[in-house]
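One structure below.
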Amino acid sequence: MATEEIQSSDLSVADKLDNEIANLRAQVESLKRELKLQTATLITAEPTRQILDSARWPGSTQPNDSSRLQELIKRADEQGAHKQQCLYRACASITTFKVRDPDPNAVDGGNVLGLRFEVMSKSRFLRPYYVMLNRPYPNSRHLRIHRHTVPQCIPLSGLAARHLPPPTAKDNYDVLKKQDLSKFVRALRRELVRYHNRSAVIGDLRSSAGLESKKGKAKEMEVPIVDISAADAQAKQVRVEWSDGRSGRLVMGDDGDIVKMVAQGENGQDREAVRQLLGGSVRIEEVAKRLEGA
């Protein structure tokens, strides 16, 4: 018995040391990110730019000082260009451009209208989404989706049928069925933003429950949650699993409002687990806060 107690004590000390090392590493990474952010902020500040601009062609500068100055100027120019690009991407989230289809047999002479959609998630820009449109209908200016990089879980075909309907022979192509490209792009970007917001809030749930830590240990609870993940491609349903074998399914709306949740245990439906997890929450973000404060 004494040997077992000594071994368990040694393990607890080792776990504490591992946790301290993990926390120190996390603090180091956080400080590195903070240093990088503060450096970028300082180097793009207006007083710094004025000092660098006035010292671009100094009359008497030492070779070492000159090389350092040129490095600072280069970094300032790169950071300024990056800042301008981020500002453009944030303010102009939907842009259009023209491309030409290299296929010699392409419709409409190969003319293609491109749409670029910018989406931000967790303070970072994601890879842009693209939708290519062409005009395959003779004697008509109606547009049709040619190619796209939109995820399959986004109802692109439904949005196109609603806002970019094809012409028919009865309406003489352009009389009755009118297309609205502006409504199409706004509706599509709204769906993209909603999808990424839902995916991000599922990640917040995992972090609040302690499932995203490097040690992989769940947060200390009476009955720990061992897994939280998306249960469908659209990230509208969330799967929740507890360590005692219970499992639940949470359904949320397009904008993160909670529609319904059901939990199942050994004796069937477990309403108490739902009450403990949700409380009086009406949005999924409130559940994440409850888990974080538990």
Side-chain angles (χ1 to χ4, degrees), residues 93-94 117-129 131 148-163 183-213 216 218-265 267-294:
S93 57
I94 303 174
F117 297 85
E118 299 284 358
V119 180
M120 178 180 287
S121 179
K122 295 184 178 180
S123 303
R124 291 181 178 273
F125 285 106
L126 304 177
R127 184 184 295 273
Y129 293 104
V131 176
H148 69 87
T149 62
V150 176
Q152 295 296 326
C153 60
I154 303 297
L156 183 62
S157 58
L159 296 176
R162 182 184 306 171
H163 302 294
K183 288 184 178 180
F184 170 74
V185 297
R186 287 198 298 269
L188 177 55
R189 187 177 185 277
R190 188 183 304 115
E191 291 294 332
L192 289 170
V193 172
R194 284 173 171 174
Y195 165 70
H196 284 288
N197 286 343
R198 293 193 300 268
S199 300
V201 80
I202 293 176
D204 293 339
L205 286 175
R206 291 182 56 84
S207 299
S208 300
L211 302 176
E212 293 293 338
S213 61
K219 198 170 183 178
E220 294 184 1
M221 299 179 182
E222 184 178 352
V223 181
I225 295 175
V226 296
D227 184 45
I228 297 177
S229 59
D232 65 333
Q234 292 183 330
K236 290 185 178 181
Q237 299 186 21
V238 184
R239 182 188 300 108
V240 183
E241 296 182 1
W242 286 268
S243 60
D244 59 357
R246 290 178 298 173
S247 62
R249 184 69 60 91
L250 186 150
V251 181
M252 58 176 155
D254 292 335
D255 298 317
D257 51 312
I258 298 175
V259 178
K260 187 178 181 181
M261 182 175 180
V262 176
Q264 294 287 338
N267 300 322
Q269 189 171 350
D270 192 341
R271 294 182 175 85
E272 182 62 26
V274 176
R275 283 194 293 268
Q276 291 180 358
L277 182 63
L278 299 184
S281 303
V282 295
R283 292 189 57 81
I284 196 71
E285 295 90 344
E286 298 175 8
V287 180
K289 292 181 180 179
R290 281 178 54 84
L291 288 175
E292 189 174 1

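Within 6.0 Å of CD in Glu272 there are more than 12 heavy atoms belonging to other residues, nucleotides or ligands.
Between the side chain of Gln234 and the backbone N or O of Cys153, at least one donor-acceptor pair lies under 3.5 Å. Arg283 places a side-chain N or O within donor-acceptor distance of the main-chain N or O of Asp255, the cut-off being under 3.5 Å. Looking at Arg198, its side chain never comes within 3.5 Å of a backbone N or O of Gly256 through a donor-acceptor pair.
Here the shortest heavy-atom pairing between Val119 and His196 reads CG1-CD2, 3.7 Å. Here the closest heavy-atom approach between residue Ile202 and residue Ala230 is recorded as CD1-CB, 3.8 Å. Scanning all heavy atoms of the two residues, the minimum distance from Arg246 to Gly265 falls at CG-CA, 3.8 Å. Looking at every heavy atom in both residues, Tyr195 comes nearest to Ala233 through CE1-O, 3.4 Å. Here the closest heavy-atom approach between residue Glu191 and residue Pro155 is recorded as OE1-CD, 4.2 Å. What you find for Phe184 and His163 is that their closest heavy atoms are CB-CB, 3.7 Å.
For the pair Glu118/Met120, no side-chain contact is recorded, criterion being any heavy-atom separation below 4.5 Å from C-beta on. For the pair Val274/Val262, no side-chain contact is recorded, criterion being any heavy-atom separation below 4.5 Å from C-beta on. Within the 4.5 Å cutoff, side-chain heavy atoms of Gln269 are placed close to those of Gln264. Residues Val226 and Leu211 form no side-chain contact, since every pair of their non-hydrogen atoms from C-beta on lies 4.5 Å or further apart. Annotation: side chain of Leu159 is not in contact with side chain of Lys183 (no heavy-atom distance under 4.5 Å). Two residues are said to be in side-chain contact when any heavy atoms from C-beta on lie closer than 4.5 Å; Glu241 and Ile228 fail this criterion. Side-chain contact between Lys236 and Val251 is absent, with no heavy-atom pair separated by less than 4.5 Å. With a 4.5 Å cut-off on side-chain heavy atoms, Met252 and Val238 count as touching.
Interatomic distance, CZ of Arg206 versus CG of Asp227, reported as 5.5 Å (0.5 Å rounding). Atom CG of Leu278 is separated from atom CD of Glu286 by 10.0 Å, given to the nearest 0.5 angstrom. Remark: Met261 CE to Leu277 CG distance equals 4.5 Å, nearest 0.5 Å. Within the model, atoms CZ of Arg186 and CD1 of Ile94 stand 8.0 Å from one another, a figure rounded to the nearest 0.5 Å. Between the CD atom in Gln237 and the OG atom in Ser229 there is a gap of 11.5 Å [rounded to 0.5 Å]. The NZ atom of Lys289 sits 13.0 Å away from atom CD1 of Ile284, with the distance rounded to the nearest 0.5 Å.
Screening Leu188, Ile154, Leu192 for a side chain to side chain contact (heavy atoms under 4.5 Å, CB included) involving Tyr129 leaves a single residue, Leu192.
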